Amino acid sequence: MQAWQVHELGEPGEVMLLADVERPTPGEGQVLLRVRAANINFPDALMCRGQYQVRPPLPFTPGVEICGETEDGRRVIANPALPHGGFAEYAVADAAALLPAPDALDDAEAAALHIGYQTAWFALHRRARLEAGETLLVHAAAGGVGSAAVQLGKAAGATVIGVAGGAGKAAVARDLGCDVVIDRREQDVVATVKEATGGRGADVIFDPVGGEAYTQSAKTVAFEGRIVIVGFASGTIPSPALNHALIKNYAVLGLHWGLYNTRNPKLVQHCHEQLTGLAARGAIKPLVSERVPLAGAADAVQRVADGVTTGRVTVLPSRENGAAA
């Protein structure tokens with residue numbers, strides 16, 4: 001089979017190499033899956049660089065989120081068991097963790113439903129306890145996980161303010177359903193949020209960016225508001241001033257979604273059921289901006305790493321599916 005492999009760490013576009021390799025052999029409790037679609041996540045780029053908390057042994061195949069097909073023909077969503085990741089024609093995954101792919105979504109959309117939407121759902125509902133009528137501020141609203149947070153916020157009955165970088169991404173955020181869109185390159189984020197909320201600020205802030213975005217969050221969070229930290233796409237990890245949180249009565253919450261797979265897997269299943277129901281009634285639909293063939297995976301991962309994409313970019317390894325599936 002064909003698979004992308006990383007033999008040395010560095011930028012994805014330089015270190016990912018397409019090779020002919022043997023199909024992976026499932027270990028105990030694992031299954032072999034034909035990869036129908038593999039969604040690109042920012043951690044894929046971090047893994048290529050050696051900057052992610054998970055560091056698979058070299059050589060490894062990136063790709064942490066797929067829609068696959070079991071030997072008996074079932075369409076499933078899975079997180080491949082590294083080092084045999086999803087940017088390949090076949091991958092292996094833990095049998096106990098397989099989730100049914102929603103009938104309402106095609107392969108690329110189903111592949112994009114899992115990590116980003118689970119992250120957003122846990123952040124908004126499990127950690128921040130978002131309520132209908134509250135105001136939700138989403139940083140990087142046109143990105144993969146940000147677009148999921150926008151859709152889930154709207155589905156929960158919140159007023160959603162989306163922050164994006166550039167006119168093109170701002171247009172995407174607007175199309176996703178944001179009630180207010182802020183182009184951080186052209187507008188003052190803090191002033192615009194305060195104006196949009198009558199000076200009150202946002203009840204819940206979803207931050208996958210860190211750096212300057214966190215600074216803006218601390219200045220725009222409402223009384224008894226909640227800032228949920230889900231990542232540091234900016235590359236800068238902020239150091240919160242806890243005296244500021246005390247003075248303004250707000251909470252800073254962390255979310256590492258992957259922990260739930262081992263600490264409370266039943267919650268992951270419950271979340272998937274909620275997401276499947278929302279997808280069935282059209283309340284959420286992953287924004288798949290690009291569908292690329294297997295040969296284009298390295299370039300696509302690099303573009304995600306560079307922050308120039310919107311929504312999700314999905315690799316379609318199956319020679320049956322092709323790039324337009």
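Being a predicted model, the structure only gives us computed values, none of them experimental.
- Val31 places none of its side-chain heavy atoms less than 4.5 Å from the side chain of Glu71.
- Val172 and Leu137 fall into different hydrophobic clusters, where Ile, Leu, Val, Met, Phe, Trp and Tyr are joined by side-chain heavy atoms under 4.5 Å apart, directly or via other members.
- Atom NZ of Lys194 sits in a sparse spot, with 12 or fewer heavy atoms from other residues, nucleotides or ligands closer than 6.0 Å.
- Nearest heavy-atom pair across Gly162 and Ala141 is CA-CB, 3.7 Å.
- When only modelled atom types and interatomic distance are considered, Tyr214 and His139 share no side-chain donor-acceptor pair under 3.5 Å.
- Summarising the local packing, CG of Asp306 is surrounded by more than 12 heavy atoms from other residues, nucleotides or ligands at distances under 6.0 Å.
- Between Phe122 and Tyr260, the angle of the ring planes lies from 30° to 60°, which puts this pair in the tilted group.
- Residue Gln53 qualifies as enclosed at atom CD: its count of foreign heavy atoms under 6.0 Å is above 12.
- Checked by atom type and distance alone, the side chain of Asp94 never pairs as donor or acceptor with a backbone atom of Ala96 at under 3.5 Å.
- Put simply, the side chain of Gln269 reaches to within 4.5 Å of the side chain of Leu99, judged on heavy atoms.
- Side-chain contact between Trp257 and Arg126 is absent, with no heavy-atom pair separated by less than 4.5 Å.
- Asp203 is linked by a salt bridge (Lys or Arg N to Asp or Glu O under 4.0 Å) to Arg200, counting only residues two or more places apart in sequence or in another chain.
- Here ring pair (Phe, Tyr, Trp, His ring centres under 6.0 Å) pairs that include residues 51-91, with residues two or more places apart or in two chains, number zero.
- Here the shortest heavy-atom pairing between Gln118 and Val268 reads NE2-O, 3.1 Å.
- With hydrogens and angles disregarded, no donor-acceptor distance shorter than 3.5 Å links the side chain of Arg75 to the backbone of Cys67.
- Side-chain contact between Gln2 and Pro317: absent, with no pair of heavy atoms (C-beta onward) separated by less than 4.5 Å.
- Val181 and Ile205 end up in different hydrophobic clusters when Ile, Leu, Val, Met, Phe, Trp and Tyr side chains are linked at under 4.5 Å.
- Residues Thr236 and Glu212 fail the side-chain proximity criterion, which asks for heavy atoms closer than 4.5 Å.
- Ser289 places a side-chain N or O within 3.5 Å of a backbone atom of Thr310 that can act as its donor or acceptor partner.
- Within the 4.5 Å cutoff, the side chain of Val204 has no heavy atoms near those of the Phe206 side chain.
- Proximity of a side-chain donor or acceptor of Gln151 to a complementary backbone N or O of Ala148 within less than 3.5 Å is not detected.
- Summarising the geometry, atom CG belonging to Leu267 is positioned 6.5 Å from atom CH2 belonging to Trp121; distances are rounded to the nearest 0.5 Å.
- Interatomic distance, Leu242 CG to Ile247 CD1, rounded to the nearest 0.5 Å: 11.0 Å.
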(request) Start with the C-alpha distance between Arg226 and Glu134, add both sets of side-chain angles, then the distance that settles side-chain contact (heavy atoms from CB on, under 4.5 Å), and finish with yes or no. (result) CA-CA 11 Å; Arg226 293 85 78 198; Glu134 289 192 312; 2.9 Å; yes
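- Evaluated for a side-chain contact (heavy atoms from CB on, under 4.5 Å) with Ile161, the options Val180, Val138, Thr220 yield exactly one hit, Val180.
- The nearest pair of heavy atoms linking Ile77 to Pro102 is CD1-CD, 3.8 Å.
- Counting only distance, with no hydrogens or angles, the side chain of Asn249 and the backbone of Glu224 share no donor-acceptor pair below 3.5 Å.
- Atom-to-atom distance recorded for Ile284:CD1 and Glu109:CD is 10.5 Å, nearest 0.5 angstrom.
- Summarising the local packing, NZ of Lys248 is surrounded by more than 12 heavy atoms from other residues, nucleotides or ligands at distances under 6.0 Å.
- Within the 3.5 Å criterion, the main-chain N or O of Ile229 finds no donor-acceptor partner in the side chain of Asp207.
- Distance alone, capped at 3.5 Å, places no donor-acceptor pair between the Gln216 side chain and the Val189 backbone.
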(request) For side-chain contact (heavy atoms from CB on, under 4.5 Å), just list the numbers for Leu152 and Leu278, CA-CA rounded to whole Å, side-chain angles, deciding distance to a tenth of an Å, and then say yes or no. (result) CA-CA 9 Å; Leu152 288 171; Leu278 290 168; 3.6 Å; yes
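- The local environment of CZ in Arg49 is crowded, with over 12 non-hydrogen atoms from other residues, nucleotides or ligands closer than 6.0 Å.
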(request) Step by step, work out the side-chain contact (heavy atoms from CB on, under 4.5 Å) result for Asp299 and Val292. (result) CA-CA 10 Å; Asp299 176 67; Val292 301; over 6 Å; no
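- Rounded to the nearest 0.5 Å, atoms CG (Leu124) and CG (Leu136) are 5.5 Å apart.
- One N or O on the side chain of Trp4 and one on the backbone of Leu294 form a donor-acceptor pair closer than 3.5 Å.
- Between the side chain of Arg74 and the backbone N or O of Pro100, no donor-acceptor pair lies under 3.5 Å.
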(message) Would Thr70 and Leu33 count as a side-chain contact (heavy atoms from CB on, under 4.5 Å) here? Give the steps.
(response) CA-CA 5 Å; Thr70 62; Leu33 299 173; 3.6 Å; yes
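- Heavy atoms only, all atoms of each residue included: Gly116 and Arg312 are closest at CA-NH2, 3.4 Å.
- For the atom pair CG (Leu9) and CE (Met47), the distance works out to 11.5 Å, reported to the nearest 0.5 Å.
- Nearest heavy-atom pair across Pro265 and Arg263 is CD-C, 3.8 Å.
- Glu8 CD: 12 or fewer foreign heavy atoms inside a 6.0 Å radius.
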(request) Carefully, step by step, assess Glu290 and Arg303 under the rule salt bridge (Lys or Arg N to Asp or Glu O under 4.0 Å). (result) CA-CA 11 Å; Glu290 297 180 58; Arg303 286 186 289 110; 2.7 Å; yes
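- Cluster membership check: Val193 does not share its hydrophobic cluster with Val209, using side-chain heavy-atom separations under 4.5 Å among Ile, Leu, Val, Met, Phe, Trp and Tyr.
- Nearest approach of Pro238 to Gly211, heavy atoms of both residues: CD-N, 3.9 Å.
- Between the CG atom of Asp107 and the OG1 atom of Thr314 there is a distance of 10.0 Å, given to the nearest 0.5 Å.
- Here the side chain of Glu195 pairs no donor or acceptor atom with the backbone of Ala191 at under 3.5 angstrom.
- With a 4.5 Å cut-off on side-chain heavy atoms, Asn41 and Asp44 count as touching.
- Side-chain atoms of Pro24 and Met1, non-hydrogen and from C-beta on, do get closer than 4.5 Å to each other.
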